[in-house]
Amino acid sequence: MGEYGDHESTEDPVHVLRHSTAHLLAAAVTELHPDARYGIGPPVEDGFYYDFAFSRPITEADLAPIESRMRRIAQEDRPFVHETMTREQALAEFRKRGQDYKIELINDKVEGDEVSVYRTGEFLDLCRGPHVKSTKELKAFKLLRVAGAYWRGDEKQPQLTRIYGTAWSSQKELDEHMKFLEEAEKRDHKKLGRELKLFTVDERVGAGLPLWLPAGATIRRELERFIVDEELSRGYLHVRTPDVARLDLYRQSGHLQLYGENMYPPMRFEDGEELELRPVNCPHHIVVYQSELRSYRDLPMRIAEIGNNWRYERSGTLIGLNRVRAFALNDAHIFCTPDQLMGEVKGAIDLALYFSDVLGIDEFSYRLSARDDVKDKWLGTEEQWDRAQAALVEALESMGQKYHLGVGEAAFYGPKIDFQVKDAHRREFTNSTVQVDFQLPERFDLEYVAEDGSRQRPVMVHRGAAGSMERLFSYLIERYVGAFPTWLHPVQVVVIPITDAQIEYARVIEARLRKAKLRVEVDDRPERMQRKIRDAQARKVPYMTIAGAREAEAQHVNVRDRGGNQTDEALDEFVQRVAHEVAEKRR
RNA sequence: GCCCACGUAGCUCAGGUGGUAGAGCAUCGCCUUGGUAAGGCGAAGGUCCCCGGUUCGAAUCCGGGCGUGGGCUCCA
């Protein structure tokens, strides 16, 4: 492909191999479909892709013949030959082949008169390289799927057919990767959500509008209690505000103008009233701030709410619980003086880290989301943006945290620190976020009375410390593969009487656990113990207590945990042990 | 929104080149009271996603929707 694209060229042997496999794919495709035009084909994580314009629609059924042709070419031991042409020569070559996408790339991307190309037999590609020596080195690869992709990532450009593949330096690694893909399927939160009856979606309710079932709602309640309690202890003020507001509120905030395409159409009433489902909570919290005149003594003021947000995401972007049209954000808006800004940013990061630690979010990266240079996408002055970004960078660096830059990923009112997590399929999502905002305070004319009696403008920090409940939940489902820590699990203990004669004792166990505020079920179905164990195991219940005649006699429980370990202990001891584990939120 | 695929019982899936469908699990009933991952027998359960069209006849063919999955674009 064109390393004339925006990809960094790399000498990493696996990248080279994947890049070469992309060329191999394009060579096979152009042999089988001579009128196909090729776009770009870089290496990516775990593999490669190549984009083509075909004269007829290509489906996954077309992949097998393409893959066999690739293997044939690989065996032919064709060398990858590097050549340098003049611009005119290169343009002529690609014109001869009808490859207008390559011509466009040469015209737009190549500087100077030298053009670097690679030949693989008949196949010629604009490419900086490097490549493997011969197609013979390409042995462990597999085509995975076809997808649509806009030429040069632009919605207004034609859509090409992208073929994705995976490539490794050995068959063993390829096998392992295929195994990983299979495992990812099993960990998928959509699958587990159904199996464990955590949530459901139903087209009668609508796309992207999940329903939390009792088991899922129990976990959410625990999460919310934990989050709210922790925030209260850190000086946050929790509020409750409505899910709708007058449309004008979003004109004032700028959301209607800059975020409007994601908003639900307003509800219009006969008397002229226009109400809007809120896409964000900030304006409501600003109104809370403005409900009375604030003094510098009130600041920082940390207004928090697990607030429902409504965003009409485009249908094709919805993904399970990760991308929905109604979600509850663990949100807060901190109003502070410029002097307090740094401390508040650090405090927000610290809280997000604390939540991550307790919840087991142990793999994430920081993305510093900055603006790009598209002028009408952002509010405010360059100076304000620089100041805001400097605050975020300083906070991260003083905490010794590494980050990468996300150009164009900022909110319209300011830069952000995003905590990026990956789902089972290694797709990246933002969970926690911390944002510095000088714009909304201006647009809403926010003020506080300073020590000298003057009116001053506060700074706002927007932060979602635990992300949205939906996205957080999907992460946790996949993180624990449904085997949630005891404090979160919908059913902490299942009591299994061996025969009906022990149902009475099972009820005693149940009552004792319940009194300790534990969630317990007695499995009194007319089934065999083995069956009940199997079912509890499938639900990943942390503890089973087997109650037989011996246990009833001794007021003991025979405990089996979901790892299969068995112990025999006094009932009171067991109750205390589990209650303790729950109180500690052990994982 | 766009590209590709898919939509059959609550779930996982067979089947059907046009003559209204089947398994396992789950559910319900009966029998079984069993010491650490599926006891037995039986019953019930489907407008084959929806709406049009073609046809004597559509779950099957055609068109349009809706939904799901994977990508692109966009984002908690």
Side-chain angles (χ1 to χ4, degrees), chain A residues 49 51 54 57-63 144-164 185 188 190-191 194-195 197 200-208 259 261-262 279-281 307 309 311-324 326-331 369 408-409 411 416 418-421 425 427-433 435 462 464 466-472 474-475 496-503 526-538 544-551 558-560 562 564-566:
Chain A
Y49 67 78
D51 290 344
F54 289 101
I58 289 296
T59 75
E60 262 154 50
D62 295 299
L63 293 184
L144 295 176
R145 68 179 70 90
V146 300
Y150 298 107
W151 170 237
R152 302 178 84 170
D154 183 348
E155 234 184 323
K156 291 174 189 75
Q157 298 269 12
Q159 191 161 40
L160 307 180
T161 302
R162 176 169 296 179
I163 299 180
Y164 277 97
E185 218 56 56
D188 189 300
K190 299 182 287 296
K191 184 181 163 69
R194 190 168 45 241
E195 285 172 2
K197 304 180 185 182
T200 188
V201 284
D202 188 301
E203 60 183 285
R204 289 170 297 180
V205 175
Y259 199 72
E261 71 276 15
N262 275 330
V280 292
N281 306 308
N309 288 170
R311 301 181 186 175
Y312 198 78
E313 304 289 353
R314 301 208 279 180
S315 59
T317 66
L318 303 173
I319 302 178
L321 288 182
N322 265 329
R323 202 76 197 294
V324 294
F327 60 92
L329 197 61
N330 162 226
D331 207 1
S369 298
E409 304 283 356
K416 320 184 273 173
D418 291 323
F419 292 57
Q420 301 299 104
V421 297
H425 302 277
R427 293 177 292 202
E428 196 174 287
F429 295 93
T430 300
N431 197 45
S432 313
T433 181
Q435 316 172 353
H462 305 236
S468 73
M469 300 313 294
E470 285 73 11
R471 194 170 279 180
L472 174 64
S474 86
Y475 179 89
I496 299 177
I498 295 179
T499 75
D500 287 357
Q502 286 88 45
I503 286 186
E527 293 288 347
R528 298 172 61 202
M529 174 195 63
Q530 282 87 338
R531 174 51 176 272
K532 296 176 183 180
I533 290 172
R534 185 186 151 82
D535 289 346
Q537 197 80 48
M544 293 163 238
T545 63
I546 314 296
R550 296 200 294 268
E551 287 77 17
N558 188 289
V559 180
R560 181 193 163 107
R562 59 190 162 194
N565 307 306
Q566 286 173 236

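Computed from a prediction, not measured in an experiment: that's the story for all the values here. A note on names: the letters A, B, ... follow the listed sequences, proteins ahead of strands, and every chain is numbered from 1.
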Worksheet item: Contact class for A:Val201 vs. all strands (heavy atom < 4.0 Å): base, sugar-phosphate, or nothing?
Response: nothing
Worksheet item: Where each residue is assigned the nucleotide of RNA chain B containing its nearest heavy atom, which of A:Glu409 and A:Ala538 is assigned the position nearer the 5′ end?
Response: A:Ala538
Worksheet item: P atom, B:rG18 versus B:rU12: distance in rounded Å?
Response: 28 Å
Worksheet item: When rounded to the nearest Å, what value does the distance between P atoms of B:rU20 and B:rU60 take?
Response: 14 Å
Practice prompt. For B:rC61 versus B:rA5, give the span between their P atoms, rounded off to a whole number of Å.
Written response: 14 Å
Worksheet item: Mind checking the P distance from B:rC31 to B:rU36? Whole angstroms is fine.
Response: 26 Å
Worksheet item: Checking all strands, does A:Glu428 fall into the base, sugar-phosphate, or nothing category for heavy-atom contacts under 4.0 angstrom?
Response: nothing
Item to complete: Could you work out the separation of B:rC51 and B:rA59 based on their C1' atoms and round it to a whole Å?
Response: 15 Å
Worksheet item: Reckon A:Arg194 touches a base, only the sugar-phosphate, or nothing at all at heavy-atom distances under 4.0 Å?
Response: sugar-phosphate
Discussion item. Taking salt bridge (charged side-chain N to carboxylate O under 4.0 Å, His left out) as the definition, give me every residue that meets it alongside A:Glu203, ordered by chain and number, with sequence neighbours left out.
Written reply: none
Worksheet item: Across the strands shown, which category fits A:Ile58 at heavy-atom distances under 4.0 angstrom: base, sugar-phosphate, nothing?
Response: sugar-phosphate
Discussion item. Mind checking if A:Thr317 touches a base, just sugar-phosphate, or nothing, with heavy atoms under 4.0 Å?
Written reply: base
Fill in: Inter-nucleotide C1' distance (B:rG45, B:rA38), Å rounded
22 Å
Practice prompt. Indicate, with a heavy-atom threshold strictly under 4.0 Å, whether A:Arg145 touches base, sugar-phosphate, or nothing.
Written response: sugar-phosphate
Worksheet, complete the sentence: Hits for side chain to side chain contact (heavy atoms under 4.5 Å, CB included) against A:Arg194, two or more places apart or cross-chain, chain-then-number order -> none
Practice prompt. Strictly below 4.0 Å, heavy-atom distances to any atom of RNA chain B: list the hits from residues 153-160 of chain A, or just say none.
Written response: A:Gly153, A:Glu155, A:Gln159
Item to complete: With heavy atoms under 4.0 Å as the rule, sort A:Gly548 into base, sugar-phosphate or nothing.
Response: base
Worksheet item: What residues form a salt bridge (charged side-chain N to carboxylate O under 4.0 Å, His left out) with A:Asp500, not counting sequence neighbours?
Response: none
Response to the item:
Applying side chain to side chain contact (heavy atoms under 4.5 Å, CB included) to A:Asn565 and not counting sequence neighbours gives A:Asp561
Item to complete: Just call it for A:Asp202: base, sugar-phosphate, or nothing, with non-hydrogen atoms closer than 4.0 Å on any strand.
Response: nothing
Fill in: Dot-bracket summary - RNA chain B, pairs being Watson-Crick or G-U whose distances fall under 3.5 Å, with | when paired to another strand
(((((((..((((.....[..)))).(((((.......))))).....(((((..]....))))))))))))....
Worksheet item: B:rU8 and B:rU47: how far apart are their P atoms, nearest whole angstrom?
Response: 13 Å
Worksheet item: Got a sec, which residues hit side chain to side chain contact (heavy atoms under 4.5 Å, CB included) with A:Asp331, two or more places apart in sequence or on another chain?
Response: A:Asn281, A:Leu329, A:His333
Worksheet item: For atom C1', what is the distance between B:rC56 and B:rG71, given to the nearest Å?
Response: 45 Å
Worksheet entry | Any residue meeting ring-ring contact (aromatic ring centres under 6.0 Å, His included) with A:Phe327, in chain and number order, not counting sequence neighbours | none
Item to complete: With heavy atoms under 4.0 Å as the rule, sort A:Ser315 into base, sugar-phosphate or nothing.
Response: base
Worksheet item: What is the nucleic acid contact for A:Glu527, judged by heavy atoms within less than 4.0 Å: base, sugar-phosphate only, or nothing?
Response: base
Discussion item. Under the rule for side chain to side chain contact (heavy atoms under 4.5 Å, CB included), what residues qualify as partners of A:Leu63, not counting sequence neighbours?
Written reply: A:Glu60, A:Leu143, A:Val146, A:Ile163
Worksheet entry | Residues in ring-ring contact (aromatic ring centres under 6.0 Å, His included) contact with A:Tyr164, at least two apart in sequence or another chain | A:Tyr49
Worksheet entry | A:Val146 vs A:Ser432, nearer the 5' end of RNA chain B by closest nucleotide | A:Val146
Practice prompt. Scan A:Lys532 against the nucleic acid and name what it touches under 4.0 Å (heavy atoms): base, sugar-phosphate only, or nothing.
Written response: nothing
Worksheet item: Which part of the nucleic acid, if any, lies within contact of A:Arg427, taking any heavy atom under 4.0 Å across all strands shown: a base, the sugar-phosphate backbone alone, or nothing?
Response: sugar-phosphate
Worksheet item: So what does A:Gln530 touch, heavy atoms closer than 4.0 Å: a base, only the sugar-phosphate, or nothing?
Response: sugar-phosphate
Practice prompt. Could I get the full list of ring-ring contact (aromatic ring centres under 6.0 Å, His included) partners for A:Tyr312, not counting sequence neighbours?
Written response: A:Tyr264
Discussion item. Students often get this wrong, so: under 4.0 angstrom with heavy atoms, is A:Tyr164 touching a base, only sugar-phosphate, or nothing?
Written reply: sugar-phosphate
Worksheet item: Going 5' to 3' along RNA chain B, which nucleotides are the first and last within contact of chain A (any atom under 4.0 Å from a heavy atom)?
Response: B:rG1 to B:rA76
